[in-house]
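In what follows, a single structure is set out as structure tokens and then discussed.
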Amino acid sequence: MDQSAIEQLNQCFHLPDHPVVFHLTAGLAFCSREPYRTQALQLEPGQLVRLVREASNAQDSQAIRVETPDGKPVGYLYAAEACYLSILLDYYRNCGDLAGEPADKTRVRGILTGAQPGQQENRRLRYPKITLDIRLGLRQAWPLFTIMAILQIKAENREPPPVLAANPWLNPLLDLQTRYRHLGHDRFVLPPLLAEAWIELVGPGTRFIGKT
């Protein structure tokens, strides 16, 4: 998208035209299994980790590996987060300096190495349980907003998703969801600017929700 189209998109959805930081609390998958468990148990709260796109993963083409700064893998993001962050990371990787690499300041938020006292039902769960504080500094807001708008527009839950509390610049998503529910699938028309932005992110030949 050229700068004029980006400015129009920002104005249409009241998006910030300055760098933003995306905050997300997420769990770490597979950290209770080897070969990740040994390294995961050495993590400490507050420790920096990084997100590494793993498009060649044979089991999941949307996989995002989590590793220490010196390259030791400790697990993966769960699919719920990887499904949209993988698109974002792929866009930055393919566009290079044009989009500006995201500043990854992800840290370990919490580590649970076993069931807490009085939680007998959790003793059979696999440990450690690790949560991450994902923080991605983005030069522009529109790529992530577009991705989440397309993937979340049909969400059935009418309560605001928790991610909006930490990222109020994503609040225009609620207006899109409300419009979709009001008009229904057959009458909803995806805003042309949003369609253009989606094509910019993932390429032509993609399918849209509703009419375009």
Side-chain angles (χ1 to χ4, degrees), residues 21-41 43 47-68 71-94 99 101-102 104-112 122 124-138 141 143-167 170 173-174 176-177 180 194 197-199 201-203 205-209:
V21 178
F22 177 64
H23 297 264
L24 179 69
T25 299
L28 183 61
F30 300 112
C31 60
S32 62
R33 306 177 186 179
E34 297 296 357
Y36 313 110
R37 185 174 185 275
T38 298
Q39 187 61 41
L41 284 170
L43 295 174
Q47 180 177 341
L48 282 170
V49 290
R50 63 185 181 188
L51 309 182
V52 180
R53 184 71 175 94
E54 199 175 279
S56 60
N57 189 301
Q59 281 71 45
D60 183 3
S61 61
Q62 296 180 323
I64 298 177
R65 187 174 70 252
V66 180
E67 60 182 38
T68 61
K72 296 177 181 177
V74 293
Y76 287 81
L77 291 189
Y78 282 97
E81 290 76 35
C83 68
Y84 60 88
L85 289 180
S86 61
I87 300 174
L88 181 74
L89 296 180
D90 284 347
Y91 171 68
Y92 283 120
R93 179 184 60 185
N94 295 333
E101 286 291 328
D104 188 353
K105 300 296 184 181
T106 299
R107 295 179 181 271
V108 176
R109 181 181 179 90
I111 303 174
L112 189 62
N122 292 337
R124 294 187 179 182
L125 298 178
R126 290 186 173 186
Y127 293 92
K129 300 291 185 184
I130 296 176
T131 54
L132 304 175
D133 182 12
I134 296 176
R135 295 190 181 190
L136 295 177
L138 308 176
L144 184 56
F145 173 81
T146 299
I147 293 167
M148 297 196 71
I150 296 296
L151 298 184
Q152 297 290 324
I153 202 169
K154 295 174 67 175
E156 296 182 358
N157 188 354
R158 295 180 180 270
E159 294 296 324
V163 70
L164 297 188
N167 305 278
L170 288 172
L173 290 173
L174 297 177
L176 274 174
Q177 291 175 340
Y180 178 84
L194 199 59
W198 178 249
I199 292 174
L201 289 166
V202 301
T206 55
R207 298 181 62 185
F208 297 102
I209 300 171

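Along the sequence shown, the residues carry numbers beginning at 1. Every value quoted in this text rests on a predicted model; they were computed, and no experiment measured them. As a basis for the values below, the full set of heavy atoms in this structure was taken, side chains included, without hydrogen atoms, waters or symmetry mates.
In this structure the side chain of Leu201 never reaches within 4.5 angstrom of the side chain of Ile199, judged on heavy atoms. Between Leu24 and Glu81, the closest side-chain pair of non-hydrogen atoms falls below 4.5 Å. Residues Tyr92 and Leu138 meet the side-chain proximity criterion, which asks for heavy atoms closer than 4.5 Å. In this structure the side chain of Ile134 never reaches within 4.5 angstrom of the side chain of Thr25, judged on heavy atoms. Using a 4.5 Å heavy-atom cutoff, the side chains of Val202 and Ile87 are in contact. At a threshold of 4.5 Å between non-hydrogen side-chain atoms, the residues Ile150 and Ile147 do not count as touching. Between Leu85 and Phe22 the shortest side-chain heavy-atom distance falls below 4.5 Å. Using a 4.5 Å heavy-atom threshold, the side chains of Leu89 and Pro102 count as touching.
Nearest heavy atom pair, residue Ile64 against residue Ala82, reads CD1-CA, 4.1 Å. Taking each heavy atom of Leu112 and Tyr127 in turn, the nearest pair found is O-CD2, 3.4 Å. Residue Val108 comes nearest to Leu132 through the heavy atom pair CA-CD2, 4.3 Å, listed as atom of the first residue, atom of the second, then distance. Listed here is the closest heavy atom pair of Val163 and His23: CG2-O, 4.2 Å. The nearest pair of heavy atoms linking Leu88 to Pro143 is CD1-CB, 4.0 Å. Closest non-hydrogen pair, Cys31 versus Pro128, comes out as SG-O, 3.3 Å.
Qualifying side chain to side chain contact (heavy atoms under 4.5 Å, CB included) partners for Lys72, counting only residues two or more places apart in sequence or in other chains: Gln39, Thr68, Asp70. Here Gln62 pairs with Asp60, Cys83, Ser86 under the side chain to side chain contact (heavy atoms under 4.5 Å, CB included) rule; sequence neighbours left out. Among residues two or more places apart in sequence or in another chain, the salt bridge (Lys or Arg N to Asp or Glu O under 4.0 Å) test is passed with Arg53 by Asp90. Taking Asp133 as the reference, Arg109, Arg135 meet the side chain to side chain contact (heavy atoms under 4.5 Å, CB included) condition, with sequence neighbours excluded. Considering only residues two or more places apart in sequence or on other chains, Glu67 meets the salt bridge (Lys or Arg N to Asp or Glu O under 4.0 Å) condition with Arg50, Arg65.
The stretch residues 27-37 participates, sequence neighbours left out, in these side chain to side chain donor-acceptor pair (under 3.5 Å) pairs: Glu34-Thr38.
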* **Chi angles and distances behind the side-chain contact (heavy atoms from CB on, under 4.5 Å) call for Leu164, Leu173** => CA-CA 9 Å; Leu164 297 188; Leu173 290 173; 4.1 Å; yes
* Could you walk me through whether Phe30 and Val74 pass the side-chain contact (heavy atoms from CB on, under 4.5 Å) test, one step at a time? => CA-CA 8 Å; Phe30 300 112; Val74 293; over 6 Å; no
* To do: Under the side-chain contact (heavy atoms from CB on, under 4.5 Å) rule, what do Leu194 and Thr146 come out as? Steps first, then yes or no, please.
  => CA-CA 6 Å; Leu194 199 59; Thr146 299; 3.9 Å; yes
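Between atom CG of residue Leu28 and atom CG of residue Leu43 there is a gap of 7.5 Å, rounded to the nearest 0.5 Å.
Judged purely by atom type and a 3.5 angstrom limit, Asp104 has no side-chain atom pairing as donor or acceptor with the backbone of Leu136.
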